[in-house]
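Index from 1, following the sequence.
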Amino acid sequence: EEDLLNDVCREVVEKWSESQIVDAKEEKEDEIQAIASMMEKQAKIVVKPKEVSQEEKQRKAALLAQYANVTDEEEYPFPDPDEQDGSIATAVNIGSEKSLFRNTNVEDVLNARKLERELLRDEFQKKKEQDKLQREKDKLAKQERKEKEKKRTQKGERKR
């Protein structure tokens with residue numbers, strides 16, 4: 001009985017391993033088929049070329065010509081930040097005359113800095129005025145304390 005049992009077990013294991021090999025082959029074939037179908041779908045997708053009008057072509061050509069002629073000096077026409085704001089503004093104006101499109105980034109940054117400086121200046125003036133008023137109040141309070149102290153000492157001297 002043990003020999004038959006071992007033979008049966010061995011046969012069951014062999015059949016099971018054969019079925020696993022067949023399943024693995026079928027899974028690989030399914031994967032290959034899925035990949036092939038995906039590739040066919042991608043091949044069917046056709047990108048339509050974008051139609052560009054003559055005006056857009058001319059604009060693009062003008063831009064490319066403009067940037068092709070930029071020299072090292074023209075590439076960075078902006079002076080050092082240590083220089084005055086007026087010189088930066090003139091550099092921005094010169095740069096905008098040469099190009100078809102106007103770059104407003106520098107102007108926006110300059111305007112933002114100017115606005116920020118004005119706000120800081122206003123805040124400083126307000127603080128300065130408040131400090132001045134506070135000093136006056138402190139001075140008056142000190143003077144009143146001195147007067148009260150004087151009155152108190154005078155009252156005490158009269159009683160004696």
Verify side-chain contact (heavy atoms from CB on, under 4.5 Å) between Asp131 and Lys127, making sure each step is shown before the conclusion.
CA-CA 6 Å; Asp131 290 346; Lys127 186 175 181 343; 3.4 Å; yes
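- In this structure, Gln125 places its CD atom where more than 12 heavy-atom neighbours from other residues, nucleotides or ligands lie under 6.0 Å away.
- Within 6.0 Å of the CD atom in Gln154, the count of heavy atoms belonging to other residues, nucleotides or ligands exceeds 12.
- Summarising the geometry, atom CG belonging to Asp138 is positioned 4.5 Å from atom CD belonging to Gln134; distances are rounded to the nearest 0.5 Å.
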Could you go step by step and tell me if Lys150 and Lys146 meet the side-chain contact (heavy atoms from CB on, under 4.5 Å) rule?
CA-CA 6 Å; Lys150 237 185 210 182; Lys146 282 184 180 180; over 6 Å; no
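- Separating the CD atom in Glu51 from the CD atom in Glu56 is a distance of 11.0 Å, to the nearest 0.5 Å.
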Passes side-chain hydrogen bond (donor to acceptor under 3.5 Å, both in side chains), Glu107 versus Asn111? Steps please.
CA-CA 6 Å; Glu107 293 174 10; Asn111 289 338; 5.7 Å; no
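- In this structure, Glu149 places its CD atom where more than 12 heavy-atom neighbours from other residues, nucleotides or ligands lie under 6.0 Å away.
- No salt bridge links Glu144 with Lys148; every basic N to acidic carboxylate O contact stays at or beyond 4.0 Å.
- One distance of note links NZ of Lys126 with CD of Gln130; it measures 8.5 Å at 0.5 Å rounding.
- If you take CD on Glu55 and NZ on Lys60, they are separated by 15.0 Å, rounding to the nearest 0.5 Å.
- For the atom pair CG of Asp108 and CG of Leu115, the computed distance is 12.0 Å after rounding to the nearest 0.5 Å.
- The shortest side-chain heavy-atom distance between Gln143 and Leu140 falls under the 4.5 Å cut-off.
- The CD atom of Glu14 sits 11.5 Å away from atom SG of Cys9, with the distance rounded to the nearest 0.5 Å.
- By the 6.0 Å contact criterion, CD on Glu18 is enclosed, its count of non-hydrogen atoms from other residues, nucleotides or ligands being greater than 12.
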